[in-house]
Amino acid sequence: MRMSFCVIFALLMMACGGTTARKSGAESVAAVSTVEVSAQSPKRLEYSVVATYPHQTDHYTQGLLWHDGKLYESTGQYGMSGVYVKTLEGRIEREMSLDRKYFGEGIAMLDDKLYLLTWLENKGFVLNGATLAPQGEFSYSGEGWGITSDSTKLYMSDGTHILRVLDPATLKTTGRIHVRFGQRSTPMLNELEWIDGRIWANLYGYNRIVIINPTNGQIEAYLDLDELEQTQINNLRRDVLNGIAYDAASGRIFVTGKNWDKIFEIKIQTK
């Protein structure tokens with residue numbers, strides 16, 4: 001039997017108690033938002049698949065973004081982590097590999113700089129957005145999962161129910177967003193993307209994308225992408241749904257999963 005989104009969230013909260021199943025040890029939370037939030041259930045968004053594009057099944061997708069007419073993808077796993085710049089047709093135009101001691105995570109572009117997180121190594125990298133040449137490093141406590149930008153600030157997930165707000169000049173945490181479903185804290189926020197004033201986040205371990213109001217942390221809507229995961233049943237390498245990219249100029253949205261063989265362009269249905 002298929003559980004409702006509300007039931008899944010309730011079970012998730014009881015099982016996790018505000019921490020993560022995959023990754024532990026993220027920093028303790030302080031100075032979170034105390035804005036009152038509504039207990040109203042998030043709206044389920046309907047979508048259609050506009051097009052599909054090839055995706056390398058050896059790419060364990062951690063971050064995905066669209067910039068200057070190309071897809072940027074970061075991959076994970078020790079010894080296989082890196083960043084790729086590619087066309088929608090799957091042709092890799094540039095790439096960089098991380099040292100084997102790093103497990104790559106999410107990426108974000110801001111002012112033509114590419115910010116790359118690592119999982120357990122407490123280190124991020126700043127790359128030239130055009131060439132992928134290294135330009136600097138930064139450190140953070142806890143784990144690194146996903147990262148995105150609103151063109152002014154950076155937002156980072158660490159697997160907990162907290163999104164950190166980073167100052168791009170110092171890469172220090174300047175604020176925190178307590179993400180909630182109603183009054184319940186919602187952990188396992190993974191890859192992030194900023195779309196039309198909202199933060200879209202993969203919910204790790206589920207075929208769900210949640211849409212978060214960055215002002216109060218409330219989950220306002222969600223996408224159920226079980227149908228897309230079903231296209232991967234014959235792909236023995238497939239892992240969980242992960243990867244959201246947005247082309248702001250055209251409004252196109254791209255999603256994929258770890259080791260999936262396709263990237264999907266989807267369109268949100270409006271009534």
| query | Stepwise, does the salt bridge (Lys or Arg N to Asp or Glu O under 4.0 Å) test hold for E137 with K123? | reply | CA-CA 7 Å; E137 300 178 359; K123 180 181 286 190; 3.2 Å; yes
Would you name the heavy atoms of [X] and [Y] that are closest together and state the gap between them?
{"X": "T186", "Y": "R180", "value": "OG1-C, 3.7 Å"}
{"X": "S149", "Y": "W194", "value": "O-CB, 3.2 Å"}
{"X": "T61", "Y": "G243", "value": "CG2-CA, 4.3 Å"}
{"X": "L241", "Y": "T256", "value": "CD1-O, 3.4 Å"}
{"X": "L189", "Y": "A201", "value": "CD2-CB, 4.2 Å"}
{"X": "P214", "Y": "I199", "value": "CB-CD1, 4.1 Å"}

| query | In the hydrophobic clustering that connects Ile, Leu, Val, Met, Phe, Trp and Tyr at side-chain heavy-atom distances below 4.5 Å, which members other than I107 occupy its cluster, ordered by chain and number? | reply | L65, Y72, V83, V85, M96, L98, Y102, M109, L114, L116, F125, L127, L132
May I ask you to test the [X]-[Y] pair for a side-chain heavy-atom distance under 4.5 Å?
{"X": "I253", "Y": "W200", "answer": "yes"}
{"X": "I211", "Y": "L45", "answer": "yes"}
{"X": "L228", "Y": "W260", "answer": "yes"}
{"X": "I212", "Y": "L192", "answer": "no"}
{"X": "Y60", "Y": "K258", "answer": "yes"}
{"X": "Y246", "Y": "D196", "answer": "yes"}
{"X": "E143", "Y": "L120", "answer": "yes"}
{"X": "F264", "Y": "Y53", "answer": "no"}

| said: Side chains of N259 and D239 only: does a donor on one sit below 3.5 Å from an acceptor on the other? | reply: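 Side-chain D/A pair, N259 to D239: absent.
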| message | Check K101 with E121, please: is the shortest side-chain N to carboxylate O separation under 4.0 Å? | response |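 Here E121 does not pair with K101 in a salt bridge, since their nearest N and O are not under 4.0 Å apart.
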| message | Less than 4.0 angstrom from a charged side-chain N to a carboxylate O is my criterion; do D167 and K153 meet it? | response |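 Here D167 does not pair with K153 in a salt bridge, since their nearest N and O are not under 4.0 Å apart.
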| request: Describe, in one word, how the ring planes of H59 and H55 are oriented to each other, choosing from parallel (under 30°), tilted (30 to 60°) and perpendicular (over 60°). | output: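 Perpendicular.
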| said: Which label fits Y204 and W145: parallel for a plane angle under 30°, tilted from 30 to 60°, or perpendicular past 60°? | reply: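 The rings of Y204 and W145 stand perpendicular, inter-plane angle above 60°.
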| message | List the residues meeting side chain to side chain donor-acceptor pair (under 3.5 Å) with Y47, not counting sequence neighbours, and say none if there are none. | response | E227
| message | Let's go through N242 and N190 carefully: what are the C-alpha distance in whole Å and the side-chain angles of both, what is the deciding distance for side chain to side chain donor-acceptor pair (under 3.5 Å) to 0.1 Å, and is it a yes or a no? | response | CA-CA 8 Å; N242 201 48; N190 202 12; 3.1 Å; yes
| field | Trace of the side chain to side chain donor-acceptor pair (under 3.5 Å) decision for E220 with N213 | value | CA-CA 7 Å; E220 297 180 333; N213 183 328; 2.9 Å; yes
